[in-house]
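Input: a single structure, listed below in structure tokens.
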Amino acid sequence: MAVGEVMRMEIPSGGDMSVTSPELHVLAVDDSIVDRKVIERLLRISACKVTTVESGARALQYLGLDGDKGASGLKDLKVNLIVTDYSMPGLTGYDLLKKIKESSVFREIPVVIMSSENILPRIEQCLREGAEDFLLKPVKLADVKRIKELIMRNEAEDCKTLSHSNKRKLAEYIDDAPSPSPSPSSSTHDDSSAKDFPSSKQMKSADEKFSSLL
Amino acid sequence: MDALVAQLQMQYRNYTVSLYQQGFLDDQFTELKKLQDDASPDFVAEVLSLFFEDCVKLIGNMARALDQTGTVDFSQVGASVHQLKGSSSSVGAKRVKGLCITFKEYCEANNYEGCVRCLQQVDIEFKALQTKLQDMFNLEKQIIQAGGKVPQVDIN
């Protein structure tokens, strides 16, 4: 196993985004068929892979969080971002957000809330619960572009930090072990999609995030 | 051929601009057009088609909820109005959206007559938009059939 090879997304260590453009896989949740069609298109045109579902319950099912063991194989379908409507029958977007943040496997996935209503307490509540951002409907291309850049930037920071910490680990490894020879049989690419890496990304305080919306 | 294309394009431009000026469409419709390209040439038509289906469904729900002999569940009506407001907003159907705002207020005030009036208006309005857009899409087809390209219409 090669330390330093393991990354959630393939981003060059220099952090140069323009070289490779990794595709974000976005899970979009909305009970409105019209809005699902629009958000899907907005995301596709922004070079994202999209899966749309019509409810919070279906979202949890997709992620395998609904307690139904049968969905565990879906862990390989890495979701990099969840975009959800706030007002939905059954599980609201807020409920969904809470469930995701309560999950040890999925809490690192950024969640963006969409709503047609500009209700300040609602926005604050979502940000406090860990939402990455809040979009006012109707959603425009500029909104999606902004969100995508935000997510990509965060992912790059995570990877940079990862590669820094892994460089340290590698240095320690080299110090400890005799000179390593490459092993011809083993694959150096570790499938770590299911692993939970410690994220050094500081969660912005609600105030900090909130001020950008003013 | 070119003269015909030019004439059709001018017709198309004028017609589109008039839809905005008369308040049928707003900014969000322009946003939807941005999402249409050669790979997805019918995107706008597809979304609007879904929207009109949604209108039929939701208006049906509202009518049924308002038709209850005895007590009307205004929150039920309101829920459908809220959904229609959302989808009309998402496609740029300005007049429908505006009506939904008024409609919602009547629901919250438990105003039966107000609700019934709004329901009738919403029905008329979405059908009017449907007709207008059909005419617009037909003009697009004619332009393409005449060998031309559908022009980008600058609203401002």
Side-chain angles (χ1 to χ4, degrees), chain A residues 21 23-24 26 28-50 52-56 83-95 112-119 122-123 134-148, chain B residues 25-59 61 75-76 78-94 96-98 100-101 103-105 108 126 129-130 133 152 155:
Chain A
S21 205
E23 272 207 322
L24 288 185
V26 186
V29 192
D30 202 314
D31 60 319
S32 159
I33 190 170
V34 171
D35 288 355
R36 277 201 302 281
K37 174 108 180 158
V38 174
I39 194 76
E40 182 190 50
R41 182 72 189 144
L42 284 167
L43 290 165
R44 285 237 165 92
I45 234 184
S46 307
C48 297
K49 277 198 297 240
V50 193
T52 57
V53 292
E54 63 195 11
S55 69
V83 177
T84 178
D85 190 26
Y86 183 93
S87 329
M88 297 187 290
L91 231 58
T92 65
Y94 178 71
D95 297 329
V112 171
I113 309 278
M114 305 180 283
S115 175
S116 56
E117 293 166 302
N118 194 5
I119 297 172
R122 173 182 292 185
I123 298 173
F134 190 98
L135 294 179
L136 205 53
K137 283 180 163 183
V139 181
K140 298 171 168 15
L141 201 52
D143 298 322
V144 173
K145 285 207 163 114
R146 194 188 86 233
I147 295 294
K148 190 186 174 190
Chain B
L25 299 173
D26 68 25
D27 207 40
Q28 185 63 15
F29 189 80
T30 316
E31 286 292 314
L32 289 190
K33 291 217 114 168
K34 284 185 195 168
L35 306 180
Q36 187 162 281
D37 57 21
D38 291 335
S40 288
D42 299 315
F43 173 70
V44 177
E46 284 165 11
V47 181
L48 269 301
S49 176
L50 283 173
F51 168 66
F52 292 129
E53 281 171 21
D54 214 30
C55 287
V56 172
K57 184 187 92 175
L58 292 170
I59 288 171
N61 292 350
S75 67
Q76 205 185 358
S80 288
V81 175
H82 178 80
Q83 285 190 58
L84 186 59
K85 178 169 157 269
S87 51
S88 59
S89 164
S90 295
V91 303
K94 190 175 179 181
V96 178
K97 176 183 165 182
C100 287
I101 292 171
F103 201 161
K104 214 176 175 192
E105 287 165 12
E108 280 155 15
F126 100 81
L129 178 63
Q130 197 169 20
L133 287 180
Q152 301 257 37
I155 304 309

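Below, chains carry the letters A, B, ... as their sequence lines are ordered, and counting in each starts from 1.
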Any heavy-atom pair between the side chains of B:Gln28 and A:Lys140 that's under 4.5 Å?
yes
Which pair of non-hydrogen atoms, one from B:Phe43 and one from A:Val38, has the smallest distance, and what is that distance?
CZ-CA, 4.4 Å
What is the minimum heavy-atom distance between A:Asp35 and B:Ser87, and which atoms define it?
OD1-CA, 4.4 Å
I'd like to verify something: which residue of B:Gly92, B:Ser40, B:Ala39, B:Gly86 has the highest number of heavy-atom pairs under 4.5 Å with chain A?
B:Ser40
Decide, yes or no, whether a salt bridge links B:Lys104 with A:Glu117 under the criterion of side-chain N to carboxylate O below 4.0 Å.
yes
Considering non-hydrogen atoms only, spot the tightest contact between A:Leu141 and B:Glu31 and give its length.
N-OE1, 3.4 Å
When B:His82, B:Glu53, B:Gln83, B:Lys34 are compared by non-hydrogen pairs under 4.5 Å with chain A, the top option
B:His82
Please classify the contact between B:Leu48 and chain A as side chain, backbone, both or neither, with a heavy-atom cut-off of under 4.5 Å.
neither
Basic-acidic side-chain contact under 4.0 Å: B:Asp54, A:Lys37:
no
By a 4.5 Å heavy-atom criterion (distance strictly below it), what part of A:Ile45 contacts chain B: side chain, backbone, both, or neither?
side chain
